[in-house]
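Below is one structure; the comments refer to it alone.
Heavy-atom basis, side chains included; hydrogens, waters and symmetry copies ignored. One-based numbering along the sequence shown. Just follow the structure's listing: the first ligand is 1, and inside any ligand the first atom is 1.
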Amino acid sequence: MMKTPYISHRASTALTGEVRIPGDKSMSHRSLMFGLLAKGRTTVTGLLEGEDVMDTAEAVRKLGGKVEKDKENDIWNVDGIGLDKLQSPSSDLQMGNSGTSTRLLMGLIAGHNITARMIGDASLSKRPMNRVIVPLEQMGAKFESTEGGRLPLNIFGSNALKPISYKLPVASAQVKSAILLAGLNAEGTTTVIETKPTRDHTENMLRHFGAQVDVEDLDDGAQAIHIHGKPVLKPCHIDVYADPSSAAFPAVSALLVPGSKVTLHNVGLNERRSGVFSTLIEMGADIQFINERNNSGEPVADIVITGGKPLKGITVPATRVPSMIDEFPILSMAAACAEGTTYMSGLEELRVKESDRLKMVADGLKACGVDLIEGEDSLTIHGTGTPPKGGAFIETALDHRIAMSFLILGLATQEPVSIDDVAPVATSFPNFITMMADLGANMHPLDQNKGCTDSAGNACCV
Ligand code: S3P
């Protein structure tokens, strides 16, 4: 695949404006998958139209559902076929870059009498799938995977899986969800025990579709999630709110460019997702939540971010990690511009995301002149209170959040920051570049010969 290098320059003016961030990726995937399992038409507004979710949509079609956008009304229609009615796809399921599509669909397919083969891009093909294969095999499904439990893999499902009780060895909503989805078509009650609370969109949305999901509080803050198998799911309407993980990028950009004021509309603030905002506020950020309300049972608000207040380094509580697992790359950019030391620990899962995010962030920040220590599962960033020098060319390794994080950093550094490829941004935030440009950011294509270029391909910013 051709790469598209990009460059981002120090903002010459403050960033200002009100924007609508694309829909939440986790909810978008789930709305399509659960829609497939409910017989009849599920309607979805606010769906994220990023590549990852479109890969889920294509998989849902191959499994027997119909997924189409009603462009006139800006609604996605999912015509579901009902639980136990899935068909074996006639060709490979192309999972692209998406771990969520892969792991959730592995669970869903495992609970049906069908077979499927999954493939993915170079990043996804390195990611560990045994964390899902192990519990699903305990339930009775079979897998043939590439060495080390990787993609490509074959799934041999069964509609007579054995319900299990499984304690998650890693804090992962994807693993939890895969088991719950397999349990959905098993006779009896399947239980997942999590010791650290991970995002609960599967539990909330399955209830909305009519499934019985009970949560039991155990000792030491652990929870048991019980799903009762073989329900009749009812089609429904899902309104997807703006993705807090995507919102974190323009939010941090506003914090790093003095004089900025940016409003982000209708952002999901489920407490299992919003740790990044609590952390930035502890660092001294001016972040206000207005119009706080409820959207389909989940809290949302408009967020007003005002830049220019000095940020200070803090210790991020390790217990907060699952609620901001995807936000450490962008938080690290804020930490690099803050005064003092930011210490982040409990980050072992960052090593198995779309890239080894701990290493990618540490290497990229070091190249930008930041003083830091990369631990096995921790990152210590020593900020000076002024943005780092910058001037580096960053490898992004097919990781959308690494690409966006360093482009945001370039808005504050003394010298521009460039990245090798902006294309992966389309997996989760297809209009990132245009939205940032609307706010006043200076991000442009980087041509090997001409350097920074404008939209007409002419050299600029020299
Ligand atoms: C997700 C769960 C998280 C997160 C991912 C989306 C989900 O992954 O990083 O972007 O929608 O369930 P893990 O379950 O691997 O922590």
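Asp421 approaches Thr396 most closely through the heavy-atom pair O-OG1, 3.6 Å. In plain terms, the two heavy atoms of Ser355 and Asp399 that are nearest each other are OG-OD2, 2.8 Å.
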Please produce the table of protein N or O atoms sitting under 3.5 Å from N or O atoms belonging to ligand 1, one pair a line, distance to 0.1 Å.
unit_1: ligand 1; atom_1: 8 (O); unit_2: Gln174; atom_2: NE2; d: 3.4
unit_1: ligand 1; atom_1: 8 (O); unit_2: Lys353; atom_2: NZ; d: 3.1
unit_1: ligand 1; atom_1: 9 (O); unit_2: Asp326; atom_2: OD1; d: 2.7
unit_1: ligand 1; atom_1: 9 (O); unit_2: Asp326; atom_2: OD2; d: 3.3
unit_1: ligand 1; atom_1: 9 (O); unit_2: Lys353; atom_2: NZ; d: 2.7
unit_1: ligand 1; atom_1: 10 (O); unit_2: Asp326; atom_2: OD2; d: 2.7
unit_1: ligand 1; atom_1: 11 (O); unit_2: Ser26; atom_2: OG; d: 2.7
unit_1: ligand 1; atom_1: 11 (O); unit_2: Arg30; atom_2: NH1; d: 2.9
unit_1: ligand 1; atom_1: 12 (O); unit_2: Arg30; atom_2: NH2; d: 2.7
unit_1: ligand 1; atom_1: 14 (O); unit_2: Ser172; atom_2: OG; d: 2.6
unit_1: ligand 1; atom_1: 14 (O); unit_2: Ala173; atom_2: N; d: 3.0
unit_1: ligand 1; atom_1: 14 (O); unit_2: Gln174; atom_2: N; d: 2.8
unit_1: ligand 1; atom_1: 15 (O); unit_2: Lys353; atom_2: NZ; d: 3.2
unit_1: ligand 1; atom_1: 16 (O); unit_2: Lys353; atom_2: NZ; d: 3.2

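Applying the side-chain contact (heavy atoms from CB on, under 4.5 Å) rule to Ala301 yields the partners Leu269, Phe289, Glu292; only residues at least two apart in sequence or on another chain are considered.
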Subject >> Verdict with reasoning, Asp214 to His228, per side-chain contact (heavy atoms from CB on, under 4.5 Å) >> reply: CA-CA 9 Å; Asp214 302 321; His228 299 260; 2.9 Å; yes
**OP:** Tell me, with the steps shown, if Ile193 and Leu168 meet side-chain contact (heavy atoms from CB on, under 4.5 Å).
**Re:** CA-CA 6 Å; Ile193 296 167; Leu168 293 181; over 6 Å; no
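Atoms OG and CE, on Ser101 and Met106 in that order, are 12.5 Å from each other to the nearest 0.5 Å.
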